[in-house]
Amino acid sequence: MKVKVIVTLKNGVLDPQGKAIQQTLNGMGFPNVESVRQGKYFDVEVNEKNEDKAKSKVEEMCKNLLANLVIEDFKIL
Amino acid sequence: MKSSVIIFPGSNCDRDMDVALKKFGFQNKMIWHNDNNLPQSDLIVLPGGFSYGDYLRCGSIAGKSKIINSVKEFAKSGGLVLGICNGFQILTETGLLPGVLQQNKNIEFICKNVFIKINNKENKYFNNIDKEILELHIAHNEGNYFCTNDELKKLQDNNQIAVSYCDEKGNCDDAINPNGAIKNIAGIFNENKNILGMMPHPERMIDKHLSGEDGSIFFKNLLNNLKK
């Protein structure tokens, strides 16, 4: 089954790319954009039919590789 | 003294490091990341570059390569592990050093000479070095060191902040901070001071005609300390 993961920067961690995107959007005529935070999205195809088992494997993957828990949080959708 | 430089796909400072180590008297071997075993070494170097194209996060994929288990064992037994630039990023991703190297605050790749202040000489890397400030080269997009407040306190309490960005006179302030690193951190040790990760490249400063010689001072001093 396919497991979807979103990795985002923790609150308070500087996101220079997000900041640059926000400033560009402001300059493009979207003055009401106050903040942009950039993240990552993963589609992980796991050979496992049981949803709980698949998600628990992906959780392990997130903790060990997909996210760096010093600065990032992950969410399994 | 024997050294080993680990090569990952995308490393590009491995040969410069090889030249530098040999120039100052190390017997150096180049080791492929997919090997299981390290040769007997007094120093392991993780070189700079863009291992695995910086995919996912800088150093994250290299940090899971086969050879890293041997590097971890070597480090845990007290062996000296030096990570330069991408090597520093790999050390944080493996958990051998705390914190993380984020994108530079100004979102620019920075390539220039910088001054760094040596904060702690009670270790094999800087013991007896007759300088307080070194001029070295940096070239990175992700050198903005970050860690939690708790980690920072630990680093400070245990004298683990090895080198900090400073000006020519040794003043470390925000104005000379090239990349936004917390407390101007350019390099850190682990608790036992046998692992050193730093963004500046000593291997690029080993020729007075091409660059400068503060890297030479670093390597000569390291070799002397290892011989003791």
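When reading the values below, keep in mind they use all heavy atoms of this one structure, side chains included, and skip hydrogens, waters and symmetry mates. Per chain, numbering begins at 1; letters A, B, ... match sequence-line order.
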Student: Looking at B:Phe109, I'd like to know if its CZ atom is crowded, meaning that more than 12 non-hydrogen atoms belonging to other residues, nucleotides or ligands lie closer than 6.0 Å.
Tutor: yes
Student: Go through the atoms of B:Glu151 and report whether side chain, backbone, both or neither lie under 4.5 Å from a heavy atom of chain A.
Tutor: neither
Student: Does NZ belonging to A:Lys10 count more than 12 external heavy atoms closer than 6.0 Å?
Tutor: yes
Student: If you draw a 6.0 Å radius around CG in B:Asp157, do more than 12 non-hydrogen atoms from other residues or ligands fall strictly inside?
Tutor: yes
Student: Heavy-atom cut-off 4.5 Å, strictly under: side chain, backbone, both or neither for A:Glu72 against chain B?
Tutor: side chain
Student: Checking heavy atoms, do the side chain of A:Leu65, its backbone, both or neither come under 4.5 Å from chain B?
Tutor: both
Student: Taking the side chain as everything from C-beta on, heavy atoms only, tell me whether B:Lys105 gets closer than 4.5 Å to A:Lys19.
Tutor: no
Student: Are the side chains of B:Asn144 and A:Leu14 in contact, using a 4.5 Å heavy-atom criterion?
Tutor: yes
Student: Within a 6.0 Å radius of atom NZ on A:Lys40, are there more than 12 heavy atoms belonging to other residues, nucleotides or ligands?
Tutor: yes
Student: May I ask you to check whether over 12 heavy atoms, not counting those of B:Lys183, lie within 6.0 Å of atom NZ?
Tutor: no
Student: Tell me whether A:Asp43 at atom CG has more than 12 heavy atoms from other residues, nucleotides or ligands lying less than 6.0 Å away.
Tutor: yes
Student: Please give me the minimum heavy-atom distance between A:Asn68 and B:Glu93, naming the atom from each residue.
Tutor: ND2-OE2, 3.2 Å
Student: Hey, what do you get for CD1 (A:Ile71) to CG (B:Leu101), rounding to the nearest 0.5 Å?
Tutor: 9.5 Å
Student: Select one option (side chain, backbone, both, neither) describing which atoms of B:Gln102 are under 4.5 Å from chain A's heavy atoms.
Tutor: side chain
Student: Atom CD of residue position A:Glu45 - does it have more than 12 heavy atoms of other residues, nucleotides or ligands inside 6.0 Å?
Tutor: yes
Student: Examine whether an atom of B:Asn106 lies under 4.5 Å from a heavy atom of chain A, and if so say whether it belongs to the side chain, the backbone or both; otherwise answer neither.
Tutor: neither
Student: Restricting to non-hydrogen atoms, name the atom on B:Asn104 and the atom on A:Pro16 that form the minimum distance, rounded to 0.1 Å.
Tutor: O-CG, 3.8 Å
